[in-house]
Amino acid sequence: MTEAATPAFLPPREPVFDWGMRITAAADLYNDGSHPHAAEGALLAPKGTPGEVVRVGHAGEPPVPVYLVEFPGGVLVGCLEEELAATHATRLPKPGVMG
């Protein structure tokens, strides 16, 4: 009798971007239905719009980094790495830390 193979645990991949990093939208970002304050298919952030990473998490299997990004006007959008590009400034200083 053979044992059923159990899937190996895959640790989350390290994110490329971090909290406080300034980024730009690498593509037009449209509402896929998950943004509650805009119609499905609405343009949330055009390509090149500057933003700031405000939270980093993981989703999916295997877990991939997902970023909550604040764009102008307080628009918060969940993004994947391929939807973002780093700007010349890398990271904003963390609150309470002299930088």
Is it true that V16 and V53 fall in one hydrophobic cluster, defined by side-chain heavy atoms closer than 4.5 Å? yes
Between P65 and L80 the two heavy atoms that sit nearest each other are O-CD2, 4.0 Å
Quick one: ring-ring contact (aromatic ring centres under 6.0 Å, His included) pairs with a partner in residues 25-65, sequence neighbours left out? none
Result of checking V69, N31, L76 against L44 for side-chain contact (heavy atoms from CB on, under 4.5 Å): N31
At their closest point, which heavy atom of F71 faces which heavy atom of C79, and how far apart are they? CE1-SG, 4.4 Å
Kindly check if the number of other-residue, nucleotide or ligand heavy atoms within 6.0 Å of CD (E14) is above 12? no
So, for P15 and Y67, which heavy atoms are closest and what is the spacing to 0.1 Å? CB-OH, 3.2 Å
What closest approach, in Å, do P50 and P72 show between heavy atoms, and which atom pair accounts for it? O-CD, 3.2 Å
Backbone N or O of V54 within a donor-acceptor pair of the E70 side chain at under 3.5 Å? no
Just by distance, do the side chain of T87 and the backbone of R22 share a donor-acceptor pair under 3.5 Å? yes
For the hydrophobic clusters of this structure (ILVMFWY residues joined by side-chain heavy atoms under 4.5 Å, transitively), does one cluster hold both V77 and L68? no
Kindly compute the distance separating CG (D32) from CD (E40), expressed to the nearest 0.5 Å. 7.5 Å
Are V66 and V75 connected in the hydrophobic side-chain network, where two residues link if heavy atoms are under 4.5 Å apart? no
Hey, could you give me the CD1/CD distance between I23 and E83, rounded to the nearest 0.5 Å? 10.5 Å
